[in-house]
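To keep things clear, I will list the structure first and then write my remarks on it.
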Amino acid sequence: MWPRILVLFLLTTAAISQSAKPAGPNVDNDFVQKEFGDSCSLMAQWPVMVGDLNGDGVEDLVMVARCKNPLIEQDEKNYRVVDPLDSFFGYGNPTVTTGFAPDDPKLRGISLLVIHGSGEEGWRSATPQAKFVIINLALKTVTVKKMKVKRKKAVTAIYVVEAGGNQMTSAIFWDGRKYRYSPMGSSME
């Protein structure tokens, strides 16, 4: 009887220790500046979101930040600056499009910071799979949800309600190679 109880106790303890995730770093301004440099600072009014954006089964992280000049530190901090919105409309070279600014000065420099996680730790890993700064989005609200790309293929996408007159809703999703912008229509309000 006692050996069975001991074996059950050991198996339960092992299962609990394997299912516990490491605490990982706190997502605060210090974390953002460590990962993306001093030119970026976390915008506290938007939530930090988690989802599997690249479809590898590992947790990824999405944050909203204000980045003054993200191109300066992209090589040192090992991330890519991308502009899926202007790419959709024909020209998405970030060295040029970082100069395109929204009409509202409060929205200048607002960017989405994305960390593709790796291994069991996901985005908390010391060496994430990839990091991106998505620029030139006039954000009103941001959320991470599933989106159908093809008939049977669903991906996790970043949904954005854009600030501006028409309050356009759009989705930004990973197509396997890069982030793509997909306009969804304007608000009914």
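The figures that follow rest on heavy atoms only: side chains count, while hydrogens, waters and symmetry mates do not.
Using a 30° and 60° split on the angle between ring planes, Y179 and F132 fall in the perpendicular class, above 60°. Ring geometry for Y79 against F36 counts as tilted: the plane angle lies between 30° and 60°, on a 0 to 90° scale.
M43 and I134 fall within the same hydrophobic cluster, where Ile, Leu, Val, Met, Phe, Trp and Tyr residues are linked whenever their side-chain heavy atoms come under 4.5 Å apart, directly or through other members. One hydrophobic cluster holds both Y159 and V155 under the rule that ILVMFWY side chains link at heavy-atom gaps under 4.5 Å. No path of Ile, Leu, Val, Met, Phe, Trp and Tyr side chains, each step under 4.5 Å between heavy atoms, connects V58 with V144, placing them in separate hydrophobic clusters.
Residues L137 and I110 have side chains not in contact (no heavy-atom distance under 4.5 Å, counting atoms from C-beta outward). Residues Q74 and V133 are not in side-chain contact: their nearest non-hydrogen atoms beyond the backbone lie 4.5 Å or more apart. At least one side-chain heavy atom of R66 sits less than 4.5 Å from a side-chain heavy atom of S41. Using a 4.5 Å cut-off on side-chain heavy atoms (C-beta onward), L139 and L112 make contact. Using a 4.5 Å heavy-atom cutoff, the side chains of Q33 and C40 are not in contact. For the pair L53 and V62, the minimum side-chain heavy-atom distance is below 4.5 Å. Within the 4.5 Å cutoff, side-chain heavy atoms of I135 are placed close to those of P70. A 4.5 Å side-chain heavy-atom check between M63 and W46 finds every atom pair outside the cut-off.
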Apply salt bridge (charged side-chain N to carboxylate O under 4.0 Å, His left out) to the pair K140 and E162, showing each step before the final yes or no. CA-CA 5 Å; K140 183 176 178 185; E162 299 173 20; over 6 Å; no
Run the numbers on H116 and W174 for ring-ring contact (aromatic ring centres under 6.0 Å, His included), then give the verdict. CA-CA 11 Å; H116 287 186; W174 180 255; 5.0 Å; yes
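For N78, the CG atom counts as loosely surrounded, since its 6.0 Å shell holds 12 or fewer non-hydrogen atoms of other residues, nucleotides or ligands.
With hydrogens and angles left out, the side-chain atoms of D83 and T97 include a donor and acceptor closer than 3.5 Å.
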